[in-house]
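Here is the structure we will look at, set down as structure tokens.
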Amino acid sequence: MTNAEIKQADKDLIWHPFAPLISPFEYIPIKSAKKARLFTHGGKTIIDTVSSWWVNIHGHSNEYIANAIHKQALELEHVIFAGFTHEPAVKLAKNLMTILPDNFSKVFFSDNGSTSIEVGLKMAFQYWCNVGQENRTKVIALDGAYHGDTFGAMSVSARGGFTKPFFPFLFDIESLDFPTEENFEQVLAHFDELTSDENCAAFIFEPLVQGAGGMRMYSPEMLQKLVALAQSKGIICIADEVMTGWGRTGTNFATDQIEANPDIMCISKGITGGSLPLGITACNKKIVDAFQSEDLEKALLHGHSYTGNPMICAAANASFELFQAQECKDNIQRIHNKHQAFIEQLKTFDNIENIRLTGTIVAFDLKGFGETGYDSEARKKIYPYFLERGVLIRPLGNVIYLLPPYVITDEELELVYETLLGFLREG
């Protein structure tokens, strides 16, 4: 198909996510991709600074992962995961146990980040049922959170434009103000009050960085105090590591930077290097013990057709091996260091504020471009500017951020930085 034919067929037939059907933007046909670059049918090159929705940690069209998928596809492409198992799933579970907290003992396979959250919530709610405390149904979540688009995930996310049509169908939660240096003592006091409720079941949080909420960052010290307080009262702590996992904050998982381990961890995005969809919900022995029974009523009755798919597990194992390599760790540190130097340049501009950095994520707020959020008009001005110059940047309202694949080169980063600086110079 020609470039024009693809565009027209797409316009006629495809319903794209997170956009009105009459979109202000043209969908650009991508022919191929390699490492940190996308190549259009029109012959243009675009540097991917957002890792294609935060999933592509090892770069596009990674041959090591592709070969693992190909080899597995020729041997066992799929098998029902009820009543059967296979080596790729077992190997992946063993690999994960080497980097998960020491008290974790089980992993549950699903298919994406939202579903991993659904499973985590169901584990928490059923835990209390299984131990005879059915009244424990209340969930505490941070204000501004985004945990996904399925109904449970929407319920524990911030109410807003994404979820407005579904408000009548979402369960109620307790919302805790996002912690800052200025308000933390009040936040901690409120959290103490909320967790004293005998009906409180769980605390769910994006550790250290709220992604879709605007790359809002808070300190490990704050998170440590919140998790420790909740666990001192027996409340289940659910860490949404969907975006923050796989080195994004400088450690394997963001919760590695605190002493108190969560009870449940939700993992997705970078787990397969962006090649195939996979969600993992991992939990500690406390959770597992409540389900150790032959009684079907105490089983976690959740699953889907592609649970534990062999090809996906093979991709995740290949991604895991790449992630564990010293080269990957060096690249994560290199990107962090480059961002730190870039921040010094950003500080010279008075049309931005709230410059922040965690691991490989750098972000700042633009002045005069409205508010944070996908529904902001700012994106209509900012997004095309960078695409025209060969850089993929998807602003979160007035927030510009970089979250590149770990294989991005210094030269590519410098080109991205210079394009950003040019945008700021133009005001």
Side-chain angles (χ1 to χ4, degrees), residues 117-148 150-160 162-163 166-214 216-242 244 254-255 257-266 281 283-284 286-287 290:
I117 296 293
E118 294 290 315
V119 174
L121 291 169
K122 290 173 79 170
M123 278 184 181
F125 290 141
Q126 191 170 345
Y127 168 88
W128 292 114
C129 286
N130 285 1
V131 300
Q133 296 188 51
E134 292 87 349
N135 62 301
R136 303 286 284 260
T137 59
K138 188 67 71 178
V139 177
I140 303 170
L142 292 178
D143 178 63
Y146 173 78
H147 294 291
T150 48
F151 275 87
M154 284 192 293
S155 293
V156 296
S157 299
R159 302 292 197 265
F162 272 31
T163 57
F166 315 109
F167 284 178
F169 314 106
L170 306 181
F171 59 78
D172 292 332
I173 65 164
E174 294 288 352
S175 183
L176 185 70
D177 284 349
F178 184 81
T180 66
E181 294 293 339
E182 293 74 26
N183 74 358
F184 186 65
E185 290 306 315
Q186 291 82 7
V187 167
L188 191 61
H190 186 209
F191 192 59
D192 187 21
E193 179 184 340
L194 293 175
T195 52
S196 297
D197 185 342
E198 63 180 13
N199 296 319
C200 191
F203 169 46
I204 186 168
F205 54 91
E206 295 160 276
L208 305 189
V209 185
Q210 281 190 339
R216 297 202 294 176
M217 302 178 185
Y218 62 111
S219 72
E221 292 74 22
M222 293 177 186
L223 181 59
Q224 165 65 28
K225 290 180 180 179
L226 293 172
V227 174
L229 178 58
Q231 290 184 330
S232 72
K233 301 178 183 182
I235 292 166
I236 295 169
C237 290
I238 305 172
D240 177 354
E241 293 265 15
V242 171
T244 54
T255 46
Q257 299 181 40
I258 64 173
E259 293 180 10
N261 295 320
D263 300 290
I264 296 171
M265 191 182 294
C266 303
T281 308
C283 63
N284 62 17
K286 168 185 172 178
I287 303 298

Interatomic distance, C266 atom SG to E118 atom CD [nearest 0.5 angstrom]: 10.0 Å
Qualifying salt bridge (Lys or Arg N to Asp or Glu O under 4.0 Å) pairs with a residue from residues 216-230, counting only residues at least two apart or across chains: none
E206 (side chain) donor-acceptor with Y146 (main chain) under 3.5 angstrom: yes
Pairs where residues 169-181 contributes a residue and the test salt bridge (Lys or Arg N to Asp or Glu O under 4.0 Å) is met, not counting sequence neighbours: none
Gap between atom CZ of F166 and atom CZ of R159 - 0.5 Å precision: 12.5 Å
Heavy-atom pair of closest approach, residues P262 and M265: CG-CE, 4.0 Å
Tabulate below the donor-acceptor pairs under 3.5 Å that side-chain atoms of residues 227-241 make, not counting sequence neighbours, or state none.
from	atom 1	to	atom 2	distance (Å)
Q231	NE2	N261	O	2.6
Q231	NE2	D263	OD2	3.3
S232	OG	L229	O	2.6
K233	NZ	D192	O	2.8
K233	NZ	D192	OD1	2.4
K233	NZ	T195	OG1	3.0
K233	NZ	S196	OG	2.9
D240	OD1	V242	N	3.1
D240	OD2	H147	ND1	2.7
E241	OE1	T244	OG1	2.7
E241	OE1	A254	N	3.0
E241	OE2	A254	N	3.1
E241	OE2	T255	N	2.9
E241	OE2	T255	OG1	2.7

Inter-residue atom distance R136.CZ - N199.CG, 0.5 Å rounding: 8.0 Å
Closest contact, heavy atoms only, A202 versus A124: CB-CB, 4.2 Å
Qualifying residues under side-chain contact (heavy atoms from CB on, under 4.5 Å), relative to T180, sequence neighbours excluded: F178, E182, N183
Pairs meeting criterion ring pair (Phe, Tyr, Trp, His ring centres under 6.0 Å) with involvement of residues 192-214, two or more places apart: F191-F203, F203-F205
Interatomic distance, I140 atom CD1 to L176 atom CG [nearest 0.5 angstrom]: 7.0 Å
Heavy-atom donor-acceptor pair, E259 side chain to Q224 backbone, under 3.5 Å: no
CD-SG distance between Q126 and C129, expressed to the nearest 0.5 angstrom: 6.5 Å
Pairwise distance CG(L223) to CG(L142) - rounded to 0.5 angstrom: 8.5 Å
Flag, side chain of W128 to backbone of T137, donor-acceptor distance under 3.5 Å: no
Evaluation steps, side chain to side chain contact (heavy atoms under 4.5 Å, CB included), between I204 and V139: CA-CA 7 Å; I204 186 168; V139 177; 4.0 Å; yes
Residues in ring-ring contact (aromatic ring centres under 6.0 Å, His included) contact with F184, at least two apart in sequence or another chain: none
Which atom of I264 lies closest to which atom of C283, heavy atoms considered: CG1-CB, 4.1 Å
Verdict with supporting geometry, L208 and M217, side chain to side chain contact (heavy atoms under 4.5 Å, CB included): CA-CA 5 Å; L208 305 189; M217 302 178 185; over 6 Å; no
